[in-house]
2 protein chains.
Amino acid sequence: MQPNPDSEIENESNYTASKYRTPDGAPSDIVIFTITSTERAAGKKALPERDLQVLLIQRKNWPYEGKWALPGGFCGEDESMYDCARRELAEETGVAEVHLEYFNVYSEPKRDPRGWMISHAFFALVHERYLAERKAQDDAADVRLFPVSEALAMELAFDHRVILRDALAKIRENMLATTIAKEFLPAEFTIGELYQVIRTVVPDFAEQNFIRKITSTQSRQGILEEVTDEQGRGKLSNRYSQRAAQLYRFTDYKPRLSIYG
Amino acid sequence: MQPNPDSEIENESNYTASKYRTPDGAPSDIVIFTITSTERAAGKKALPERDLQVLLIQRKNWPYEGKWALPGGFCGEDESMYDCARRELAEETGVAEVHLEYFNVYSEPKRDPRGWMISHAFFALVHERYLAERKAQDDAADVRLFPVSEALAMELAFDHRVILRDALAKIRENMLATTIAKEFLPAEFTIGELYQVIRTVVPDFAEQNFIRKITSTQSRQGILEEVTDEQGRGKLSNRYSQRAAQLYRFTDYKPRLSIYG
DNA sequence: CTAATAGTGTCTTTAAGACATTATCAC
DNA sequence: GTGATAATGTCTTAAAGACACTATTAG
């Protein structure tokens, strides 16, 4: 039986602060993902190289001084965990209006040498356009983007490698099961771009006739719609190709996925 | 900027316990679901009535004395949150080997009048056969099963109504997206039973040709297999029907769900 | 025979899968 | 014309959807 404040308390008047050991902190850690895109050949119209990256900070203090770690910070009594994460994210990247999602708690005893710290892990999906400014203005350079594969091979502080691994698994799942691809895309995008974003996060996603399926009713299930002009003609883009491609946008529709058909 | 122990610490030797406000406790709360089944007519072979129920405890102490609440308890320094939840679940129900899954953190300021409590919510899926003994041996009766719809209409302690609502949404999602239906079924079951369990949790799930779809390759996707005897003949059950029905079991296969086809 | 559930026949519509072919157009 | 991406044609196979029909068997 663990200590339980209830067991010794009869009513409010004799309530005393717990005599039991309490946590030394409730931090949040944030796995900030972005997809960078770099032109493959200058002047040529071709889809860019895309790469899934994660933002890490280099620690200045004990413990794990000098080691790379996930950004994060301690929660205050006057805020929720989500507020805490949003605040830390804003401090780290300067942006607030991005996809931020809680995904797990990390509470193994002794995971933090400073004491009993129960960490709450979030992932954020940030379009590279938001990180561009930030990277420019901060040359202090203990903040950097790493390709996810590289970060996973590093010796990160605390249990942050495990957290990163779990976050990656989660966004892979969500990339196929939800419309989070939109976080990495402009509001209007081509099927080629969408396919590339999905493949960047989930490399083994391979659909032969992707454009065919996404265009048909059942697979798309209403999650996408064609962008049209006032006359109802399709709006096109030739940013990545000579032949202009139809632009699409995500609708608000969230399909319900089922293994039972 | 929030308090951050890091900011005043240079190395291990001068590390001091945080001067900042720390949480007063890290509890876990567990939403224990079960499906009860009651015979509709004695002697007649018919599928039972099934009902989704949740286990609640009646509080004996301040705060919320007399109110119904989710079972749970405080985490110790020497255990993880999951261990804590498993321990509390075992104390409450006497069972350990059940599906127990973490799903969210509840940390709104002032959610607990005793202090700053960051609660970690789990749901457990328990077959009614495990709760039967328990209910028999404990007539002290501040522990009871409630139909979920009824519990949601009650005024529960703390923010437990919100937690229950979220847990219900989560298991509805998971009932269709994963094989958690197995937690409410015997190892071998008929398609009729499976359909009924799904409908008990997700009432608006309606598939006209359910047996047709589940039997075909694509929808089932290998999640189910027919139970056969040594000669490869189908194993049948006539527990719920005059005409014997084929028995199925879940395989270990976890299909990957995708909105992109 | 009846009641209650299990399972099939059959037809129509729709989607999936493969893959070759055509379209566009800056350079 | 070339190169790169976008999109369609066509054929085959498989699944979805509807719904009426047959099967089984304790009581």
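Residue numbers begin at 1 in each chain, while the letters A, B, ... track the order of the sequences. Note that the structure is predicted; figures quoted are calculated from it, not measured.
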- Not counting sequence neighbours, which residues clear side chain to side chain donor-acceptor pair (under 3.5 Å) with E101(B)? List them please. H99(B)

- Message: Could you work out, with side chain to side chain donor-acceptor pair (under 3.5 Å) as the rule, every residue matching K235(B), not counting sequence neighbours?
- Response: E188(B)

- Atom CZ of R239(B) and atom P of dA4(C): how far apart are they, to the nearest Å? 18 Å

- Would you mind listing every side-chain hydrogen bond (donor to acceptor under 3.5 Å, both in side chains) that reaches into residues 163-174 of chain B, with sequence neighbours excluded? Y106(B)-D166(B)

- Let me know the distance between NZ of K213(A) and P of dA15(D), rounded to the nearest Å. 13 Å

- Rounding to a whole Å, what distance do you find between I214(B):CD1 and dA16(D):C1'? 14 Å

- Query: Can you tell me how far P of dT5(C) sits from OH of Y240(B), to the nearest Å?
  - Reply: 12 Å

- Roughly how many Å is it from CD1 in I191(B) to P in dT8(C), rounded to a whole number? 11 Å

Using distance only, find each side-chain donor-acceptor pair of residues 148-156 of chain A under 3.5 Å and give its atom names and separation, not counting sequence neighbours.
none

- Message: Would T178(B) and I259(A) count as a side-chain contact (heavy atoms from CB on, under 4.5 Å) here? Give the steps.
- Response: CA-CA 7 Å; T178(B) 76; I259(A) 60 178; 5.7 Å; no

- Task: Identify which nucleotide among dA26(C), dT5(D), dA7(D) has an atom closest to any side-chain atom of A245(A), counting heavy atoms from C-beta outward.
- Result: dA7(D)

- Excluding sequence neighbours, so at least two apart, what forms ring pair (Phe, Tyr, Trp, His ring centres under 6.0 Å) with F122(B)? Y102(B)

- Message: Quick check on contacts: within residues 199-212 of chain B, what sits under 4.0 Å from DNA chain C by heavy-atom distance?
- Response: I211(B), R212(B)

- Specify the separation, in whole Å, of atom CZ of F189(B) and atom P of dA6(C). 13 Å

- Message: In whole Å, I'd like the distance from the CG atom of N238(A) to the P atom of dT24(C).
- Response: 14 Å

- With a 4.0 Å cut-off on heavy atoms, is L47(A) in touch with a base, just the backbone sugar-phosphate, or nothing at all? sugar-phosphate

- Query: What is the distance from CD of E226(A) to C1' of dA7(D), rounded to the nearest Å?
  - Reply: 12 Å

